[in-house]
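Data block below; observations after.
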Amino acid sequence: MKNSILAIIKKEFVRFFGDKRMAIITIFLPGVLIYAMYSIMGEGMMGRMTADEDYIYNISVVNMPQSIEPMMKNLPFRVESAAEVNENERAKITNKETDLLVVFPEDFDAAVAAYDMKTSGEMAPQIEMFYNSTKTESSEVYRMMTEAFDSYESTLANKFDVNGGEGVYDLASKEDETGMIFSMMLPMLLLIFLFSGCMSIAPEAIAGEKERGTIATLLVTPMKRSHLALGKIISLGVIALLSGLSSFLGTMLSLPKMMGTESGTIGADVYGVNEYMMLLFIILTTVLVMVAALSVISAYAKSVKEASTAIMPLMVIVMLVAFSSMLGSGAPTEWYWYVIPFYNSVQCMNSIFAFAVLPVNIVITLLSNLVYVLFLAAGLAKMFDSEKIMYL
Amino acid sequence: MEEILKVEGLGKTFTLSKKQQKLEKTKDKKRIAVNDLTFTAYKGEVFGLLGPNGAGKTTTLRMLATLIKPDQGDALIDGSSVIREPEQVRSKIGFLTSELKLEQFFTPNYLYDFFSGLYGVEPEVRDERKRKMFDRFGISEFAEVKVGNLSTGMKQKVSLVISLVHDPQIIIFDEPTNGLDVITAKVVTDFLLELKKDGKSIIVSTHIFSLIEKICDRVGIIIQGKMTVCDDLKSVTGEKTLEERFFEIYEETVGEAV
């Protein structure tokens, strides 16, 4: 009776999707939350790094030279002259009252005009700028003034320029940039999202049924234990997949904002149908392995609570493995890495996002994941048949 | 008479955990729950397993229902061995005990169809049978109410109906009236007699004498995992009531009066 697998799958779906609150919490919410969280984080970080547009910077200047004065007037500065550098002036910077304290040597213009790097053995005239790195505006004006002085310096004796034109000099393609960032971040995030999707349903569906005594009712029917195991794994896998994909979508859409590059230098649109298809198959088999592993652990547990505790060690391992996408230089090419569960998925996703796919490794990953699922499903079926596990 | 259930030397031993050993003040690591049980039930009769709590009634019935496996012996249900052909046994019997629960989230209607599917009942047969049974037990008006929202008695009736979706010829019933109010209990006992009239074979376990006297043709008395007496109800009781006979037998077996 192959029908019994379908019957179990159908029942799990009716159970899950029939409960609107559960469906929304598990599937819809993760993606929306992640999108909102990353967008806000990204914008918040950008906001912290740039000052308000109409902010007037407070600047103290000691010995303002004539050559610099006109330049300062054009900038949104409130310039005060200070007589000398003293503790008081410095304290104002520390206390964030003044944004910048610029100290010119006396007779700056004359000293600059007289200075010749080749003949003079002395140091060039010094401008000192005091700022406070913990105040955004202070850092900002410090950076602005450094640039301004640099360009002033090069106008005094311009011999050559580097990248002085208007052209785009970074020739990395959008594919490369996206690939670099996505292949580092996404495999890790994806694996974690998929796992938490599985975690939120598997203990309930296996240990919960055991705890409530409803699984025994299934076990007195003539249905094969292996059908029950497969039906459970497939249906839970699909639900976990939906939950994981929702998180994934939220991430893909908000990651450009998170990385602070809204100008379109990175984006999910660089990947084609091939990449997304490969990704889908990898994700699908990964979710099945996860759900199968969590089901086996849950079947051992006496209650949902015990199951949730028992899956923690596996969660830690998955987190660590997920982190491997951030380390090293891309996916390994040797085939044997791709029989290690979870690690194979992370590295495959890494290579897909980085446009560095080795098809044979994808195939090995898919096959070995399927073998693990069948192996775990057989184990689960054995457990369903074990009175010690099911009725004690 | 045609044998429908043949139990031969059935035995089951449980391993006690440290905690259980302490609780029961024993050093024994093993507890023999069912000890070399042999009996036969015939087609079309109601067979009662009578015994005090902990005598091994439920363990025996669980072995017959293939939920647990015997350590020794075997039982043939309509010719199928509970050890070698558990799936066939499961498709032949209807097993009902209070430990088998229904998922709270679903309606009786949905569960009836779901379990019918697992037993391979054809949809036309299923719908006809469902209508008849739901009417018989007054479930019809609650057919679309989630099980979690039903009263205890109604839940029990739904469980009963669902355990019989495949119209089994052999019905195994563990403590059929336990925890039911007098009215629901009567509905259940009346229904058991009805099933008998339809030619079904029924095995029940209970510690209630009146239930045995009311519905059983034959009775087996289990004490401490052993079958002490197994015969026609009349032959067991003789001139006395079942209750009087039971305590006599108990005293003979255990060696002390209750």
Side-chain angles (χ1 to χ4, degrees), chain A residues 1-23 201 204-232 235 239 302-304 381-392, chain B residues 12 14-17 20 33 58-59 61-71 80 85-107 109-111 113-123 146-148 158-159 162-163 165-166 168 172 174:
Chain A
M1 278 202 294
K2 274 266 178 279
N3 279 341
S4 50
I5 298 185
L6 282 178
I8 292 290
I9 294 176
K10 211 178 122 205
K11 187 208 75 169
E12 291 294 329
F13 283 173
V14 171
R15 170 77 189 86
F16 185 82
F17 294 106
D19 190 342
K20 290 217 173 57
R21 215 169 48 169
M22 192 149 100
I201 52 171
E204 171 58 31
I206 307 274
E209 281 222 37
K210 201 174 141 185
E211 190 178 2
R212 292 189 296 271
T214 52
I215 207 151
T217 319
L218 289 174
L219 293 177
V220 294
T221 68
M223 172 180 38
K224 281 201 165 65
R225 268 61 170 145
S226 55
H227 289 184
L228 177 59
L230 279 175
K232 281 273 185 192
S235 52
I239 296 168
K302 289 189 187 70
S303 63
V304 177
K382 266 242 156 9
M383 292 171 76
F384 284 148
D385 216 17
S386 160
E387 58 191 66
K388 282 211 178 67
I389 292 169
M390 297 318 289
Y391 310 110
L392 287 184
Chain B
K12 182 74 186 173
F14 291 114
T15 313
L16 293 180
S17 68
Q20 284 167 316
T58 299
T59 306
L61 293 194
R62 279 178 166 195
M63 284 192 277
L64 297 184
T66 73
L67 276 177
I68 58 178
K69 292 179 193 69
D71 302 328
S80 307
E85 302 145 308
E87 275 158 37
Q88 283 190 33
V89 170
R90 280 180 221 134
S91 64
K92 283 177 183 172
I93 62 164
F95 180 57
L96 187 60
T97 143
S98 55
E99 285 154 50
L100 302 185
K101 302 274 169 46
L102 297 173
E103 276 189 74
Q104 311 265 320
F105 178 81
F106 295 107
T107 63
N109 192 23
Y110 182 88
L111 287 171
D113 293 355
F114 171 66
F115 280 100
S116 296
L118 292 185
Y119 280 101
V121 181
E122 296 298 322
K146 285 182 184 174
V147 169
V158 174
S159 288
I162 282 175
S163 70
V165 285
H166 52 311
I172 301 179
D174 188 16

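A, B, ... follow the sequence lines: proteins, then strands. Residue 1 opens every chain.
- Annotation for B:F114 and A:A7: closest pair CE1-O, 3.5 Å, computed over non-hydrogen atoms.
- Contact residues of residues 88-98 of chain B toward chain A are B:R90, B:S91, B:F95 (heavy-atom distance under 4.5 Å).
- With sequence neighbours left out, the salt bridge (Lys or Arg N to Asp or Glu O under 4.0 Å) criterion links A:D385 to A:R225.
- Considering only residues two or more places apart in sequence or on other chains, B:E87 meets the side-chain hydrogen bond (donor to acceptor under 3.5 Å, both in side chains) condition with none of them.
- Here the side chains of A:T214 and B:L102 are not in contact, with every heavy-atom distance at 4.5 Å or above.
- Of the charged side-chain nitrogens involved, at least one lies within less than 4.0 Å of a carboxylate oxygen, so that A:E387 and B:K12 count as a salt-bridged pair.
- A salt bridge links A:K11 and B:E103; the closest N-O separation between the charged side-chain nitrogens and carboxylate oxygens is under 4.0 Å.
- Here the options are A:N3, A:T217, A:L218, the test is side-chain contact (heavy atoms from CB on, under 4.5 Å), and the partner is B:L118; only A:L218 passes.
- Between chain B and the residues A:V14, A:D19, A:L219, the largest count of heavy-atom pairs under 4.5 Å involves A:V14.
- Scanning for ring pair (Phe, Tyr, Trp, His ring centres under 6.0 Å) contacts around B:F106 gives B:Y110, with sequence neighbours left out.
- A:K388 NZ to B:F14 CZ: the interatomic distance, rounded to the nearest 0.5 Å, is 9.5 Å.
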